[in-house]
Asker: 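Please find one structure pasted underneath; my questions will follow.
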Amino acid sequence: MDFDFAIVWKYLPVLAKGAVTTVELTALAIVNGTVLGLFIALASISKNWLIRSLARFYTWLIRGTPLLLQLFVIYYGLPLQMGIKLSPFAAAVTGLSINSAAYVAEIIRAAIESIDKGQMEAARSIGMSYFQAMRRIILPQAYRRMIPPLGNEFIALLKDSSLVATISMVDLMRTAQQMYATTFRPMEIFLAAGALYLLLTTFFTVTFGHLERRLAVYE
Amino acid sequence: MVKVDGLYKSYGSLPVLKGVSFEVAKGEVVCIIGPSGGGKSTLLRCINHLEEPDAGVVEIDGESVRPATRNPLHRERHLNRMRSEIGMVFQRFNLFPHRTALENVVEGLTTVKKIPRNEAREIAKQYLTRVGLADKINEYPSRLSGGQQQRVAIARALAMQPKVMLFDEPTSALDPELVGEVLSVMRDLAENGMTMLAVTHELGFAREVANRVMFIDDGQIIEEGPPKQVLSNPQHPRTASFISKVL
Ligand SMILES: Nc1ncnc2c1ncn2[C@@H]1O[C@H](COP(=O)(O)OP(=O)(O)O)[C@@H](O)[C@H]1O
Ligand SMILES: [Mg+2]
């Protein structure tokens, strides 16, 4: 077998720079996706038919089409036919955020709906408003139940962010492709990139495991 | 104090309340009895508008619970204020599991009444002491017995200083040996002049504490009167058959 660890060590720093971009993209998509996802989740359980339908249409549309296609629409479609030109970075963040918002919204909605109806009633019966009850009573309890599926979602997002390599975003995946093209050492380069992805996903697993245990106090 | 007039409520095509009217005077204790599915819970939930009645009036101290305006913001504000004046205790306690006993009571005081946190904690301690739980204030609900949880729930409602307290089968979910401690808190409240409307199958409690007993079946008040009369000498055969089954 022809495998040279020296090559792994030589290109690791360059790949690490790509990994930093991957982390930036994922972090931004997580923040945007969570904020947007919370609003979509609340909208999808609204009593108002129109608001509810719009929210459910959004999650249906985004979850029912490939992320790769969504990225292409934003990066190639928008500038050509709508006159909206985005940098690769902006297009990547937008696509990943819109995509993760739909998945996060479903996770938050399911968690909210899993909370006993009596909780909302008890909160309303002492005179709390709907939003006070949501913020102080329902969401803190739902939060605990969201942690494990959100952890999975964020890991999936981190891995799927490699698709932005196809819209000329130089992330970890794209860096690896470029290194491979110049060295023709696919095993060493992709193995090193894989190790970096593993490092990042393991970080998520461990962090969310801690969160889960810390939130278990009242049970 | 409480006036209910011509209350109607259906779920889809199923009529659950078919014109319920009665009044409860200040300081009066009214017990509601009746078979399961008769509409007792729905009646209580319509009084504080957790369910919106299809027709009819509910007044607390002369003020209609139903908002008079169409503006959603004003409607919500009116309902929140009216609900804060109507205490409700549920069959399954519905304590906030992520909050300690003290925090359960503090919540409404700070969030709804905007009382400063330190003051709210003092008030909450007083009410928890009143229901005999001074030594449990820092426990989470999961660490309390059913009877203790229900007493926290009563303290949570009382701390809002409601004009009336609604109880929906407050002891039905309890082990028999824990029923007494909850009933004794309720008896204490009644003796201190609280206006109370309680759905209960504790006929002994109804006989001793209630000023009036109402028998509700099939969405209607079938019979009402002083406890001795309704419980010992029911006029309506449905009341008689129900009472003989509960005893
Ligand atoms: N949210 C609801 N949706 C549909 N039907 C309901 C709902 N709540 C209660 N009901 C029905 O209304 C009837 C009265 O219920 P309820 O008021 O709970 O009776 P009770 O408290 O006297 O046992 C029952 O037939 C019940 O199935
Ligand atoms: Mg009931």
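Per chain, numbering begins at 1; letters A, B, ... match sequence-line order. Note that the structure is a prediction, hence the values are computed from the model and not measured.
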Asker: Examine whether an atom of B/I86 lies under 4.5 Å from a heavy atom of chain A, and if so say whether it belongs to the side chain, the backbone or both; otherwise answer neither.
Answerer: backbone
Asker: Is it the case that atom CZ in A/F131 sees more than 12 heavy atoms from other parts of the structure closer than 6.0 Å?
Answerer: no
Asker: Quick check on B/L95 against chain A: is it the side chain, the backbone, both or neither that has a heavy atom closer than 4.5 Å?
Answerer: backbone
Asker: For B/H98 and A/I137: C-alpha separation, side-chain torsions, deciding distance, then whether side-chain contact (heavy atoms from CB on, under 4.5 Å) applies.
Answerer: CA-CA 8 Å; B/H98 59 309; A/I137 306 301; 4.3 Å; yes
Asker: Looking at B/R187, I'd like to know if its CZ atom is crowded, meaning that more than 12 non-hydrogen atoms belonging to other residues, nucleotides or ligands lie closer than 6.0 Å.
Answerer: yes
Asker: Return the CZ to CD1 distance between B/F96 and A/I126, rounded to the nearest 0.5 Å.
Answerer: 4.5 Å
Asker: Begin with the C-alpha distance, continue with both residues' side-chain angles, and end with the deciding distance and a verdict on side-chain contact (heavy atoms from CB on, under 4.5 Å) for B/L79 and A/R124.
Answerer: CA-CA 9 Å; B/L79 277 177; A/R124 298 310 300 273; 5.7 Å; no
Asker: For the CZ atom on B/R121, are there more than 12 heavy atoms of other groups (residues, nucleotides or ligands in this structure) within a distance under 6.0 Å?
Answerer: no
Asker: Assess whether side-chain contact (heavy atoms from CB on, under 4.5 Å) is satisfied between A/S125 and B/N48, documenting all intermediate values.
Answerer: CA-CA 7 Å; A/S125 78; B/N48 68 1; 4.0 Å; yes
Asker: Does A/F39 CZ have over 12 foreign heavy atoms under 6.0 Å away?
Answerer: no
Asker: Just wondering, are more than 12 heavy atoms of other shown residues or ligands nearer than 6.0 Å to CZ in A/R52?
Answerer: yes
Asker: Any non-hydrogen side-chain atom of A/M128 less than 4.5 Å from a side-chain atom of B/S84?
Answerer: no
Asker: Chain A heavy atoms under 4.5 Å from B/R77: which part of the residue, side chain, backbone, both or neither?
Answerer: neither
Asker: Quick one, A/E121 with B/R83, criterion salt bridge (Lys or Arg N to Asp or Glu O under 4.0 Å). Give me CA distance, side-chain angles, the key distance, then yes/no.
Answerer: CA-CA 11 Å; A/E121 294 190 342; B/R83 287 196 186 116; over 6 Å; no
Asker: With a 4.5 Å heavy-atom cut-off (strictly below), which parts of residues 100-114 of chain B touch chain A? List them by number.
Answerer: B/E107, B/G108, B/T111, B/V112, B/K114
Asker: Does A/R136 form a side-chain contact (heavy atoms from CB on, under 4.5 Å) with B/R99? I'd like the steps, not just the answer.
Answerer: CA-CA 10 Å; A/R136 310 229 4 121; B/R99 300 291 173 82; 3.6 Å; yes
Asker: Below 4.5 Å from any heavy atom of chain A, which atoms of B/R81 appear? Answer side chain, backbone, both or neither.
Answerer: neither
Asker: I'd like to know which of A/A123, A/G127, A/S129 tops the heavy-atom pair count under 4.5 Å against chain B.
Answerer: A/G127
